[in-house]
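Side-chain atoms are counted along with the backbone in the values below, which use heavy atoms only and exclude waters and symmetry mates.
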Amino acid sequence: MGIYQKKYDVIVIGAGHAGIEAALASARMGCKVLVLTIDLDKIGAMPCSPSIGGSAKGQLVKEIDALGGEMARIADQTAIQYKTLNTKKGPAVHATRTQNDKIRYHILMKSVLEKTPGLDVKQAMVESLFIENNRVQGIIDRTGFGYLADAVVIAAGTFLNGLVHIGSSHIEAGRAGEFAALSLPRHMKALGFELGRMKTGTPPRLDKKTIDFSRFVEQKPDEPQGPFSMFTRAIPLPQVSSFMGHTNERSRKIVVDNIEKSPLYSGAIKGVSARYCPSFEDKAMRFPDRISHHVILEAEGLDTDEIYASGLGNSLPVEIQLEFFRSVEGLETVEVMRPAYAIEYDYVNPLQLKPTLETKLIAGLFLAGQINGTSGYEEAAAQGMWAGINAACQVQKRPPFILDRSQAYMAVLVDDLITRGTREPYRMFTSRAEYRLMLREDNADLRLSEIGHSLGLIGHDKIQEIRDKRSQITSEIARLRSAVLKPTSEVNAHLQTLGTPAIDTGIHLDHLLKRAEVAYTDIVRLEESPAALSPQVAAQVEIEVKYEGYIKRQTDEIKKFRNLERMGIPDRFDYDKAHGLSNELKEKLKRIRPASLGQASRIDGMTPSAISALMIVLKKEGGLKAENKQS
C-alpha cells in the first residue's frame with residue numbers, strides 16, 4: 001500500500017454541506033486538513049431543494065454563521081429569493097429562507113475550500129479506514145493508496161450503499177448519476193457499527209419553457225431582504241418569484257391507480273421514509289380525503305431553465321410521472337428535464353456517538369450529517385461544524401466543544417441524536433427546542449460569537465462589533481427603564497392613533513413598550529433616543545423588553561436544567577449497582593453512556609424517580625463529577 005508523504009491532522013470524507021463545514025472549521029482552527037470527495041464538480045451540491053433555511057433550519061444556519069461557519073455567507077452570495085417565515089407568530093419562530101442559484105452555490109463553496117490555507121481538496125473514493133489499537137490513523141482509497149491523519153470525519157451523505165429507485169429500475173448511486181460508496185459501509189459494519197437503512201427523495205426538474213405560469217399564484221420575494229450572515233453587507237443577485245399551484249383529484253387518481261408500480265409500496269424500498277417530508281405516493285395513500293396538495297415551482301438558478309417542483313416528489317416509472325405532472329393545471333404540456341426519484345442509503349445508529357460526535361467504537365473517528373440519520377442541508381452543516389471543531393480540539397489537545405440545549409439549536413440536534421437515536425430521517429423543528437424563546441435567529445450572534453472567537457473562527461473586528469452591539473442593547477434597555485414619559489396632549493394624541501389607552505400619570509418607557517400596540521419605533525417618536533440605533537439593535541431592545549417576563553421564566557428553567565447538566569457521570573460507571581432502576585433502563589444507560597444526569601434524564605423511559613435513584617447511587621459511589629462545557 002502506498003502512503004502519501006504528507007500527514008494531515010484531519011481528513012474529511014465527503015464535500016457536501018456537512019463535509020464543507022467540518023473541513024473549514026478544522027482548517028480555520030489551524031489544522032492541516034484533507035477533503036476527499038468522489039467528484040470535485042459536486043462540492044456543495046444541492047441535490048434536492050435549491051434553498052437554505054426555513055423553520056428551525058434558519059436558526060441552525062444563523063448559529064453556524066455566529067460560530068464562524070460558511071453556509072450563511074454563501075447563501076447570501078447566491079440568494080435569488082428571500083422569505084421570512086412565521087412572521088405572524090412570535091420572534092422565537094421567525095425563520096429566514098433563501099432560494100438559491102445552485103450552480104453559483106457549488107462554485108463559490110468549491111472556491112472557498114480551495115483558497116482556505118492548510119486545506120487540500122482531492123478527488124478519491126474511500127474504501128476503508130486505517131485503524132490501530134481502536135484508533136483511526138487514516139484512510140485507504142479505492143486504488144489502495146493511503147492518507148494518514150490523527151482524526152477522520154465521515155460526512156458521506158446518501159452515498160453509503162446508495163440505491164436510486166425510479167419505478168422498477170434500481171440504480172446503485174449516491175445521487176442520480178453519481179457513484180455509490182459500497183465498500184466503506186461494509187468495512188464499518190465489519191468494525192462493529194450498527195447500520196440501518198433510510199429513504200429520501202427529490203422532486204422532478206421541469207422545463208421552464210413548457211410551464212404556463214399564469215395558472216399559478218406568484219410568490220414575490222421579501223422587500224427589503226434581510227441577509228443570513230452577519231458578515232453580509234450587500235445582496236449581489238437579482239431576486240425572482242416562485243409560483244404556487246395545486247394538484248387535483250385526477251392527479252391523485254393517477255398515482256393511486258399505479259401505486260403497485262411505486263417501489264415505496266411494492267416493497268422494493270426497505271429504508272424508512274421521512275415522516276415530515278412525504279412523497280406524493282404517501283400523501284395520496286395516507287390522506288385519501290384530501291383532494292389537492294400544494295405545488296411550488298422554484299427556479300434552480302438565474303441561468304438555467306430547470307424548475308424545481310416541490311410537492312411532486314415520487315418514485316413512479318417515468319411514463320407515469322409524466323402523466324401525473326401533466327394533470328396539474330398549468331403543467332398540461334410540461335417537459336421533464338430530470339425525473340423525480342427515491343433514494344435509500346445506509347446510516348449509522350447515532351447512539352454509537354459521544355457528545356462530540358466522535359464514535360464510541362473508534363477513537364478519533366467522527367460522523368456528521370445524513371450518516372447520523374438526519375435529513376436536510378442545514379442539519380448536516382451544523383453537525384459538520386460540530387464534528388470539525390471537535391476533531392481539531394482533539395488533535396490540538398484542547399477541551400471538547402460541547403454546547404447544551406439551552407445554548408443552541410445545534411446542541412438540541414446533537415443531544416437528540418446521541419441520547420434518543422432515530423429510526424427515521426431526523427428533521428429539526430422549533431418544537432424540539434425547549435428554550436426556543438432564548439434561541440432565536442436574531443440573537444444567534446450574541447449567543448455564540450464569543451465561543452466562535454475563542455475557537456479562532458471569529459476575528460477580532462467582528463467580535464468587537466458584536467460586543468458593541470451588546471453594549472448598546474444593555475444601555476438602551478437601562479434608559480427605557482429609567483426614563484419617564486409625561487402625559488402631555490401630544491403624547492396622548494399619538495397613543496390614541498396607536499389604539500392604546502392614554503396615560504394620566506408619568507410612565508416608564510419600558511412599561512409603555514410592553515403594550516401590544518406599541519413598537520420601539522413609537523417610543524422613539526415619543527421620546528427620541530440619545531443615539532440612533534441600528535435596526536438590529538432596536539429589534540433586540542424591543543424583544544428583550546416585550547418578552548421580559550417570559551425570558552425571566554425561561555432563564556429560571558435553564559438554571560434548573562443546568563444543575564443536572566453539571567452533574568457528570570463517569571464513562572465507565574457500573575449501572576448494575578443502581579438497584580432502584582429497571583433492567584431495561586440499566587441496559588439503555590449502558591448502551592448510551594450519558595455524560596451527565598441531564599442527558600440521562602432525556603433517555604426514553606427515564607422517570608423522575610429513576611433519576612433520583614441514579615443520583616443517590618452516584619453520590620454513594622462517588623461517581624458524580626462537575627461537567628465543564630462551553631459557555
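- Classification of Asp604 and Lys588 as a salt-bridged pair fails, no side-chain N sitting under 4.0 Å from a carboxylate O.
- A salt bridge is absent between Glu344 and Lys270: the closest approach of a Lys/Arg side-chain nitrogen to an acidic carboxylate oxygen does not fall below 4.0 angstrom.
- Tested against Glu379, the residues His17, Lys57, Arg427 include a single side-chain hydrogen bond (donor to acceptor under 3.5 Å, both in side chains) partner, Lys57.
- Ring orientation note: the planes of Phe401 and Trp386 are nearly perpendicular, at an angle over 60° on the 30°/60° scale.
- A salt bridge links Arg447 with Glu63: at least one charged nitrogen is closer than 4.0 Å to a carboxylate oxygen.
- Atom NZ of Lys189 sits in a sparse spot, with 12 or fewer heavy atoms from other residues, nucleotides or ligands closer than 6.0 Å.
- Checked against the 6.0 Å centroid criterion, the rings of Phe179 and Phe159 do not qualify as a close aromatic pair.
- In this pair, Tyr435 and Phe561 present their aromatic rings tilted. The plane angle is within the 30 to 60° band.
- The residues Lys7 and Asp150 are annotated as salt-bridged, a charged nitrogen and a carboxylate oxygen being separated by less than 4.0 angstrom.
- Considering Val164, Leu163, Ile269 as possible partners of Ile343, the one that fulfils the side chain to side chain contact (heavy atoms under 4.5 Å, CB included) test is Val164.
- Panel note: side chain Asn100, backbone Tyr105; no donor-acceptor pair is recorded below 3.5 Å.
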Item checked: Step-by-step side chain to side chain contact (heavy atoms under 4.5 Å, CB included) determination, Val617 to Phe573 -> CA-CA 11 Å; Val617 73; Phe573 181 76; 4.1 Å; yes

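- Annotation: the span from Glu281 atom CD to Leu316 atom CG amounts to 4.5 Å, rounded to 0.5 Å.
- Between Asp576 and Lys590 a salt bridge is recorded (basic side-chain N to carboxylate O distance below 4.0 Å).
- Checked against the 6.0 Å centroid criterion, the rings of Tyr147 and Phe145 qualify as a close aromatic pair.
- Cation-pi contact between Arg432 and Tyr426: present, with separation from the ring centre below 6.0 Å and deviation from the ring axis of at most 45°.
- Below 30°, between 30° and 60°, or above 60°: for Tyr8 and Tyr4 the angle between ring planes is below 30°, a parallel geometry.
- Side chains of Asp65 and Ser229: a donor on one and an acceptor on the other come within 3.5 Å.
- Checked by atom type and distance alone, the side chain of Thr422 never pairs as donor or acceptor with a backbone atom of Pro425 at under 3.5 Å.
- Within 6.0 Å of CZ in Arg338 there are 12 or fewer heavy atoms belonging to other residues, nucleotides or ligands.
- Counting only heavy atoms from C-beta outward, the side chains of Ser279 and Pro203 never approach each other to under 4.5 Å.
- In this structure, the side chain of Ser582 engages the main chain of Leu585 through a donor-acceptor pair within 3.5 Å.
- Salt bridge status for Glu178 with Arg175: present, with a side-chain N to carboxylate O gap under 4.0 Å.
- Counted by atom type alone, Thr158 and Gln370 present zero donor-acceptor pairs between their side chains at under 3.5 Å.
- A donor-acceptor pair is defined here as one N or O able to donate and one able to accept, closer than 3.5 Å; no such pair exists between the side chain of Ser111 and the backbone of Leu108.
- One finds no salt bridge joining Glu434 and Arg602 here, because no Lys/Arg side-chain nitrogen approaches an Asp/Glu carboxylate oxygen to under 4.0 Å.
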Checklist line | Trace of the salt bridge (charged side-chain N to carboxylate O under 4.0 Å, His left out) decision for Glu194 with Arg591 | finding: CA-CA 12 Å; Glu194 177 191 336; Arg591 185 181 188 195; 2.4 Å; yes

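- His187 places a side-chain N or O within donor-acceptor distance of the main-chain N or O of Leu129, the cut-off being under 3.5 Å.
- Judged by distance alone, the side chains of Glu358 and Asn390 never bring a donor and an acceptor atom under 3.5 Å apart.
- Taking 4.0 Å as the cut-off between side-chain N and carboxylate O, Asp415 and Arg420 do not count as a salt-bridged pair.
- Lys102 contributes a side-chain N or O that, together with a main-chain N or O of Met46, makes up a donor-acceptor pair within less than 3.5 Å.
- Looking at Lys110 and Asp41, no side-chain N of the basic residue comes within less than 4.0 Å of a carboxylate O on the acidic one, giving no salt bridge.
- Thr116 places no side-chain N or O within donor-acceptor distance of the main-chain N or O of Leu119, the cut-off being under 3.5 Å.
- Classification of Arg28 and Glu70 as a salt-bridged pair holds, one side-chain N sitting under 4.0 Å from a carboxylate O.
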